[in-house]
Amino acid sequence: MLKVGLTGGIGSGKSTVARIFELLDIPVYYADAAAKTIMNEDEKLKTAILTHFGKEAYTDGHLNRKYLSSAVFAHPEKLELLNSLVHPATIVAAERWMQQQRSPYVIKEAALIFESGSQEGLDIVIGVFAPAQLRVLRTMKRDNISREGVLKRMSNQIDDGLKMKLCDFVIYNDEQQLLLPQVLALHERLLQLAKEEGRE
């Protein structure tokens, strides 16, 4: 089974691409959503977060996302610390999930594949690209936040041009090219690669 990463900057549409793969019966692990669950359920991780960010990080045993977000987003070093605690636990959980799947290939959808170092455990990484201006507009609409808020989030991710250069394949979600034919073509290519490597 091929282990495939799917990444892209905020507002690139990687979740939309992931859902198309799911419609093709390919299992998808949503790492960012899983991280939120892990932060609530992994006792070792909870203890580490409480130690570094204080008791306000949890309310009645549940992650206080609003507090944690405000604590890290204006402070890159605190965000880096939080990521260094959460990413290893998420990578382990994703690996465990992948081992349980029965498919020619599986997809791990995550915003920070390269930033977290999780590309090391993947065979292929797909990037989803959209121009910065389009990504800003999409995110403002989706999350109901200001342009400045989106740009702040974007500054915490590596440059999109660099990210795409690190990927093995790139899907263009720029409203100029149709998305579905690109995903279908890539699906066939990945099935072929899995067959060639005897990983079906």
So [Y] and [X], do their side chains get closer than 4.5 Å, heavy atoms only?
{"X": "K163", "Y": "T7", "result": "yes"}
{"X": "S103", "Y": "I26", "result": "yes"}
{"X": "W97", "Y": "V106", "result": "yes"}
{"X": "R65", "Y": "L68", "result": "no"}

Point-to-point distance, once rounded to the nearest 0.5 Å, from CG of L191 to CG of L186:
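That separation rounds to 10.0 Å.
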
Starting at CD1 of I38, measure out to OG1 of T90 and round the result to the nearest 0.5 Å.
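Rounded to the nearest 0.5 Å, the CD1-OG1 separation comes out at 4.0 Å.
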
Report the C-alpha distance between F169 and V4 in whole Å, list the side-chain angles of each, state the deciding distance to 0.1 Å, and finish with yes or no for side-chain contact (heavy atoms from CB on, under 4.5 Å).
CA-CA 11 Å; F169 300 101; V4 180; over 6 Å; no

Between E95 and K108, does at least one N-O distance fall below 4.0 Å, as a salt bridge requires?
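Looking at E95 and K108, the cut-off is not met.
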
At their closest point, which heavy atom of A35 faces which heavy atom of V86, and how far apart are they?
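The pair with the smallest heavy-atom distance is CB-CG1, 3.9 Å.
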
Determine the minimum heavy-atom distance between A110 and A31, stating which atoms define it.
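Reported closest heavy-atom pair: CB-CB, 3.6 Å.
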
Parallel, tilted or perpendicular for H187 and Y105, by the 30°/60° rule?
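Rings of H187 and Y105: tilted, as their planes differ by 30° to 60°.
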
Let's go through H87 and L112 carefully: what are the C-alpha distance in whole Å and the side-chain angles of both, what is the deciding distance for side-chain contact (heavy atoms from CB on, under 4.5 Å) to 0.1 Å, and is it a yes or a no?
CA-CA 9 Å; H87 286 156; L112 305 177; 3.8 Å; yes

Checking Y30 against E22 for the side-chain contact (heavy atoms from CB on, under 4.5 Å) test, could you report, in this order, the C-alpha distance in whole Å, the side-chain angles of both residues, the deciding distance, and whether it holds?
CA-CA 11 Å; Y30 291 91; E22 282 189 299; 2.7 Å; yes

Tell me whether V128 is reachable from V28 by hopping between hydrophobic residues (I, L, V, M, F, W, Y) whose side-chain heavy atoms are closer than 4.5 Å.
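Yes: a chain of side-chain contacts under 4.5 Å links V28 to V128.
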
